[in-house]
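On a predicted model such as this, the values are computed, not experimentally measured, just so you know.
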Amino acid sequence: MKAILFVGHGTRVPEGNEQVKAFTKKAGAAFPEYEQKTCFLELAEPDIVTSAVECIENGADTLAVVPVLLLSAGHIKKDIPEELGKVQKMHPEVAIQYGEPFGVHDRINDLLLDRLRVKGWEPEKEAVILFVGRGAKDPGQ
């Protein structure tokens, strides 16, 4: 059996974690035949290892791991793989398929423009748009 493990970052703000769960519930509706769990890298529960082991105990022999993150940096390249390594060490018989973050995609750009328009931005008028990100220690980013 295949299971899908959606991995959000996690936040101390409960509403943020609920938004991730609502998103993954919508996304997961396209795959009703798979067991699905939403977990978090940090700052919220359940964690990756706990959720993965629950899927395995429920019969999953393959985990499709979907990072619910925008860009590839330390969490994608180091932190999540380390957690998945713990799972693999405990359950070497389980296949783990690790997906890519969303990345910069035309649909995301379209959504950004829609959100700006809702806030009153008009493409025809000059404006300054400030993008704020947390940043990364990854020199490749």
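Applying the side chain to side chain donor-acceptor pair (under 3.5 Å) test to residues at least two apart or on different chains, the pairs with a partner in residues 81-92 are Lys78-Glu82, Glu83-Lys86, His91-Glu93.
For the atom pair CG (Asp114) and CG (Asn109), the distance works out to 11.0 Å, reported to the nearest 0.5 Å.
Hydrophobic cluster membership is shared by Val66 and Leu70, with clusters built from Ile, Leu, Val, Met, Phe, Trp and Tyr side chains linked at under 4.5 angstrom. Linking Ile, Leu, Val, Met, Phe, Trp and Tyr whenever their side-chain heavy atoms come within less than 4.5 Å leaves Met1 and Val65 in two separate clusters. With hydrophobic clusters built from ILVMFWY side chains whose heavy atoms lie under 4.5 angstrom apart, Leu69 shares a cluster with Ile48. Note: the hydrophobic cluster containing Ile76 also contains Val49 (ILVMFWY, side chain heavy atoms under 4.5 Å, direct or indirect links). No continuous path of hydrophobic side-chain contacts links Ile96 to Ile4 [ILVMFWY only; heavy atoms under 4.5 Å].
Between Asn17 and Phe40, the closest heavy-atom pair is OD1-CE2, 3.6 Å.
Applying the 6.0 Å contact sphere to CD of Glu126 captures no more than 12 heavy atoms from other residues, nucleotides or ligands.
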request  = Test side-chain contact (heavy atoms from CB on, under 4.5 Å) on Arg107 and Leu111 and set out the steps.
outcome  = CA-CA 6 Å; Arg107 286 183 164 172; Leu111 178 61; over 6 Å; no
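Annotation: side chain of Asp47 is in contact with side chain of Glu45 (closest heavy-atom distance under 4.5 Å). Residues Pro101 and Leu71 are not in side-chain contact: their nearest non-hydrogen atoms beyond the backbone lie 4.5 Å or more apart. A heavy-atom distance below 4.5 Å is found between the side chains of Arg117 and Pro123.
Legend: residues meeting ring-ring contact (aromatic ring centres under 6.0 Å, His included) with Phe102, ordered by chain and number and at least two apart, are Phe23.
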